[in-house]
Amino acid sequence: MNIILVGFMGSGKTAVGLELSRITGYSFVDTDDIIVEVEGDSISSIFKKKGEKYFRELEQKVVGEIASRTDVIISTGGGVMKNTDNVKVLQNSGILIWLKTEPEIILKRTMSDGGKRPLLNVEEPLLEINKLLKNRSPLYSRADTFIDTSYITVGEAAQDICDRLALGCKSVQVKPGGVDEKEKNYEILIGRGTLHGLGARIQELRPTQVAVVSNPTVFALYGDQVESSLRAYGVKPRRIVIPDGEEYKDVFWLYKILGELLSARFDRKSLVVALGGGVIGDITGFAAAIYMRGIRCVQVPTTLLAQVDSSVGGKTGINHQLGKNMIGAFFQPSLVVMDQNVLESLPKRELRAGLAEIIKYGVIWDRELFETIEREKDDIFARGPSLDKIIVRSCQIKAEVVAEDERESGLRAILNYGHTVGHALETLTGYRRYLHGEAVAIGMCVAADLSVCLKLLGKSEADAIRGLISSYGLPVAIPEDLTPDMLIDAMALDKKTVGNILKFVLPTSIGSVRIVEGVSEFEISKTLRVSGG
Ligand SMILES: NC(=O)c1ccc[n+]([C@@H]2O[C@H](COP(=O)([O-])OP(=O)(O)OC[C@H]3O[C@@H](n4cnc5c(N)ncnc54)[C@H](O)[C@@H]3O)[C@@H](O)[C@H]2O)c1
């Protein structure tokens with residue numbers, strides 16, 4: 001994103017812009033500096049010799065050129081906002097921040113820089129400042145937000161902007177299918193406090209209207225924060241709250257969401273925000289996919305599972321009476337904003353279920369991640385920096401896999417490690433006994449055992465996988481009441497099973513897996529018995 005600083009002379013645009021550039025690593029440009037460079041003359045001299053009209057035309061050209069760059073901090077000359085074309089061009093290029101300053105402070109600051117400001121070379125500069133400010137304030141107020149720089153230091157102003165725009169957070173780029181197109185690519189913002197930056201990031205997408213979809217549990221915890229962050233950027237969100245629970249991820253509530261959007265006359269340039277766990281993310285993403293054939297969706301995942309898995313990659317959908325996640329679409333979000341602070345309120349059991357998915361990434365892709373999860377268990381459980389680190393790594397892995405294979409026609413299937421048995425367990429227990437991550441945890445152990453049985457994996461590595469899963473308090477064994485036959489039947493009915501051929505994602509070592517088809521029922525049954533069933 002570009003950050004465009006507007007405001008009157010002496011408001012601190014250059015100083016704050018330079019400081020922001022130092023903190024963020026973005027490059028810094030000043031429209032006045034470019035004009036001076038192009039003309040080889042000072043601003044006051046250009047004004048004197050060639051007049052204000054000439055200067056403004058040149059300024060407009062410079063604004064157009066700079067706005068086409070990315071990740072720059074642009075300090076604009078005091079009069080840039082007078083031209084509505086400049087405003088439009090800048091709005092399309094990033095977030096506009098008005099540095100607002102009181103007239104007396106402006107006078108003090110401009111006098112101390114040697115009277116280089118041509119507009120203030122008058123007898124009563126304070127009167128002139130007041131007059132100009134009166135004219136220009138309505139123009140500056142077209143900015144997306146403002147900060148008052150009258151009584152704060154340059155460093156404080158820069159930090160405030162960083163916080164508001166969540167500039168300090170980590171960013172993972174997702175290029176689904178490996179396509180490098182602005183329209184298809186999106187960013188995952190990860191960090192503590194990123195929710196503060198949500199309003200700015202959404203405003204940058206210039207939606208006509210915004211709806212926040214959530215459930216009462218999550219909305220009570222984070223709804224205010226999200227809505228006020230949006231309001232700070234002039235966005236008045238519509239609130240759509242659906243009941244909390246997997247059973248509401250259905251066609252009735254999907255229809256309700258669509259109805260709300262229609263009755264509020266959401267158009268094709270509007271946007272929905274999914275604030276919640278995987279249930280909210282899936283149903284909201286699907287509503288976005290089909291509303292007017294697709295409007296933008298911003299995922300704000302609030303469970304660990306949603307942060308490391310469901311919010312990234314574009315799988316959206318709802319359940320049908322006859323099967324879970326049976327109706328859906330691949331529909332990528334426009335942005336994912338994840339704030340680890342929200343995990344503080346997550347029940348421990350939900351945290352563990354999310355950790356199962358992170359362990360999965362370690363087994364299928366990254367031995368180092370697996371070892372980190374082993375080594376840093378205490379800090380991960382305490383929701384400390386190690387948890388933040390493994391969340392970022394999981395998102396990177398998911399982004400890498402989705403870049404290779406957006407629609408699960410090949411590589412992406414490895415993300416289903418543990419899911420063949422996991423889904424069967426969920427189905428047979430009516431989705432009530434296990435959380436998804438718990439069922440996957442058992443499934444991962446069974447898949448590791450099957451891999452040993454097929455001589456693809458050493459016993460010690462399978463033991464390490466089971467040991468890690470168990471050390472996080474996750475279940476590792478098939479419950480006694482479910483027989484191998486029941487599980488095999490349930491697996492055959494799974495939507496991922498094509499032509500009755502069971503597919504397993506089997507580890508070949510920690511950090512790599514293979515997709516294996518045609519495993520005999522005998523071997524599956526034998527393994528299931530060993531794994532406890
Ligand atoms: N789209 C995908 O790629 C994908 C991948 C995996 C799972 N899923 C789907 O995700 C769903 C499961 O998601 P989930 O595990 O996040 O469950 P969930 O969305 O039901 O959330 C679990 C519970 O935690 C509460 N909650 C959420 N955030 C909270 C917070 N910060 N503090 C306190 N409570 C909070 C919720 O209200 C809910 O009661 C399933 O429907 C599954 O099918 C989708």
Side-chain angles (χ1 to χ4, degrees), residues 174 176 192 194-195 213-223 225-226 241-250 253-254 274-286 288-289 297 299-320 323-333 336 338-358 360-361 383 387 391 394-395 398-399 401-402 406-408 412-413 415-419 422-423 426-427 431-432 434-441 443 494-496:
V174 189
R192 291 193 179 252
T194 49
L195 275 192
V213 182
S214 193
N215 69 32
T217 315
V218 178
F219 201 86
L221 290 161
Y222 305 108
Q225 205 178 328
V226 164
V241 178
I242 67 169
D244 186 359
E246 181 73 38
E247 63 271 38
Y248 304 105
K249 198 176 97 176
D250 68 358
W253 287 99
L254 172 74
L275 173 70
V279 167
I280 290 293
D282 278 10
I283 193 170
T284 309
F286 188 44
C297 175
Q299 291 281 349
V300 183
T302 60
T303 61
L304 183 56
L305 177 128
Q307 294 200 346
V308 297
D309 193 6
S310 60
S311 65
V312 178
K315 278 193 188 177
T316 69
I318 54 167
N319 303 324
H320 187 275
K324 192 167 180 280
N325 292 330
M326 283 294 180
I327 301 160
F330 281 99
F331 188 73
Q332 301 291 343
V336 184
M338 48 184 82
D339 187 336
Q340 274 98 34
N341 285 341
V342 306
L343 301 178
E344 298 295 333
S345 57
L346 196 65
K348 223 175 187 158
R349 189 173 170 207
E350 297 286 350
L351 186 83
R352 283 198 186 104
L355 283 164
E357 298 285 354
I358 304 184
K360 178 189 82 180
Y361 290 120
R383 305 171 206 221
L387 179 63
I391 291 173
S394 301
C395 290
K398 180 114 193 218
V401 173
V402 170
E406 182 185 359
R407 292 175 173 247
E408 207 169 303
R412 188 165 177 170
L415 297 175
N416 297 326
Y417 170 52
H419 286 60
H423 281 160
E426 285 181 286
T427 311
Y431 295 92
R432 276 184 289 275
Y434 298 110
L435 294 179
H436 176 68
E438 292 168 343
V440 168
D494 193 86
K495 77 170 184 297
K496 295 212 162 108

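Just so you know, ligand 1 is whichever comes first in the structure, and atom 1 is the first atom listed for that ligand. Treat the numbers as computed from the prediction; the structure is a model and nothing was measured.
Of all the heavy atoms of Asn319, none lies under 4.0 Å from any atom of ligand 1, so neither backbone nor side chain is involved. Counting heavy atoms under 4.0 Å from ligand 1, residue Leu305 touches it through the side chain alone. Proximity of Asp282 to ligand 1, defined as any heavy-atom pair under 4.0 Å, is confined to the side chain (atoms from C-beta onward). Contacts between Leu343 and ligand 1, counted as non-hydrogen atom pairs separated by less than 4.0 Å, are absent for every part of the residue. Contacts with ligand 1 closer than 4.0 Å are made by heavy atoms of both the backbone and the side chain of Val279. Under 4.0 Å from ligand 1, the heavy atoms of Lys324 that appear belong solely to its side chain.
Taking any N or O of Ala306, backbone or side chain, none lies under 3.5 Å from an N or O belonging to ligand 1. Backbone and side-chain nitrogen or oxygen atoms of His436 are examined, and none is located within less than 3.5 angstrom of a nitrogen or oxygen of ligand 1. Taking distance alone, with nitrogen or oxygen atoms compared against 3.5 Å, Thr316 stays at or beyond that limit from ligand 1. Ligand 1 has no N or O atom lying under 3.5 Å from any N or O atom of Pro347, backbone or side chain.
Counted by atom type alone, Lys249 and Asn325 present one or more donor-acceptor pairs between their side chains at under 3.5 Å. Side-chain atoms of Asp339 and Gln225 include no donor-acceptor pair closer than 3.5 Å. Donor-acceptor pairing under 3.5 Å is lacking for the side chains of Thr316 and Asp282.
Under a 4.0 Å N-O distance rule, the pair Arg432/Glu247 does not qualify as a salt bridge. Remark: Lys398 engages Asp309 in a salt bridge, criterion side-chain N to carboxylate O under 4.0 Å.
Closest of all the heavy-atom pairs between Ser345 and Tyr222 is OG-OH, 2.5 Å. Residues Gly245 and Val279 share a closest heavy-atom pair of O-CG1, 3.7 Å. Minimum interatomic distance between Cys297 and Ala288 (heavy atoms only, all atoms of both residues): CB-CB, 3.6 Å. Here the closest heavy-atom approach between residue Arg383 and residue Pro347 is recorded as NH2-C, 4.3 Å.
Atom-to-atom distance recorded for Thr303:OG1 and Met338:CE is 9.5 Å, nearest 0.5 angstrom. Lys324 contributes atom NZ, which lies 15.0 Å from atom NE2 of His320 (distance to the nearest 0.5 angstrom). The NE2 atom of His419 sits 8.0 Å away from atom CD of Glu426, with the distance rounded to the nearest 0.5 Å. Residue Trp253 holds its CH2 atom at 13.5 Å from CD1 of Ile318, rounded to the nearest 0.5 Å. Leu304 contributes atom CG, which lies 4.5 Å from atom CD1 of Ile358 (distance to the nearest 0.5 angstrom).
Annotation for ligand 1: atoms under 4.0 Å from non-hydrogen atoms of Thr217 are 37 (O). Contact atoms of ligand 1 toward Glu350: 22 (C), 23 (C) (distance under 4.0 Å to a heavy atom of the residue). Atom numbering of ligand 1 starts at 1 in the shown order; those under 4.0 Å from a heavy atom of Tyr222 are 31 (N). Annotation for ligand 1: atoms under 4.0 Å from non-hydrogen atoms of Asp244 are 36 (C), 37 (O), 38 (C), 39 (O). For ligand 1 and Val342, the ligand atoms under 4.0 Å from any heavy atom of the residue are 30 (C), 31 (N). Near Leu221, meaning under 4.0 Å from one of its heavy atoms, ligand 1 places the atoms 32 (N), 33 (C). Listed by number with element, the atoms of ligand 1 under 4.0 angstrom from any heavy atom of Asn325 are 43 (O). Numbered from 1 in the order shown, with element, the atoms of ligand 1 that lie under 4.0 Å from a heavy atom of Val218 read 26 (N), 27 (C), 28 (N), 37 (O).
Looking from atom 4 (C) of ligand 1 to the surrounding protein, the closest heavy atom is Ser310 CB, 3.2 Å. For atom 6 (C) of ligand 1, the closest non-hydrogen atom on the protein side is Asp309 OD2, 3.5 Å. Among all protein heavy atoms, the one lying closest to atom 17 (O) of ligand 1 is Gly278 N, 4.1 Å. Among protein heavy atoms, the minimum distance from atom 40 (C) of ligand 1 is reached at Glu246 OE1, 3.1 Å. The protein non-hydrogen atom at the shortest distance from atom 35 (C) of ligand 1 is Leu346 CD1, 3.7 Å. Nearest protein heavy-atom neighbour of atom 32 (N) of ligand 1: Ser345 OG, 2.8 Å. Scanning the protein heavy atoms around atom 28 (N) of ligand 1, the nearest turns out to be Thr302 OG1, 2.7 Å. Closest to atom 27 (C) of ligand 1 among all protein heavy atoms lies Thr303 CG2, 3.3 Å.
Within a 4.0 Å radius of atom 2 (C) of ligand 1, the protein contributes one or more non-hydrogen atoms.
Side-chain atoms of Gln307 never come within 3.5 Å of backbone atoms of Ile391 as a donor-acceptor pair (strictly under, hydrogens ignored).
Heavy atoms of Glu344 come nearer than 4.0 angstrom to ligand 1 in no pair at all.
Considering Val308, Leu387, Leu305 in turn, Leu387 is the only one that fulfils the side chain to side chain contact (heavy atoms under 4.5 Å, CB included) rule with Leu355.
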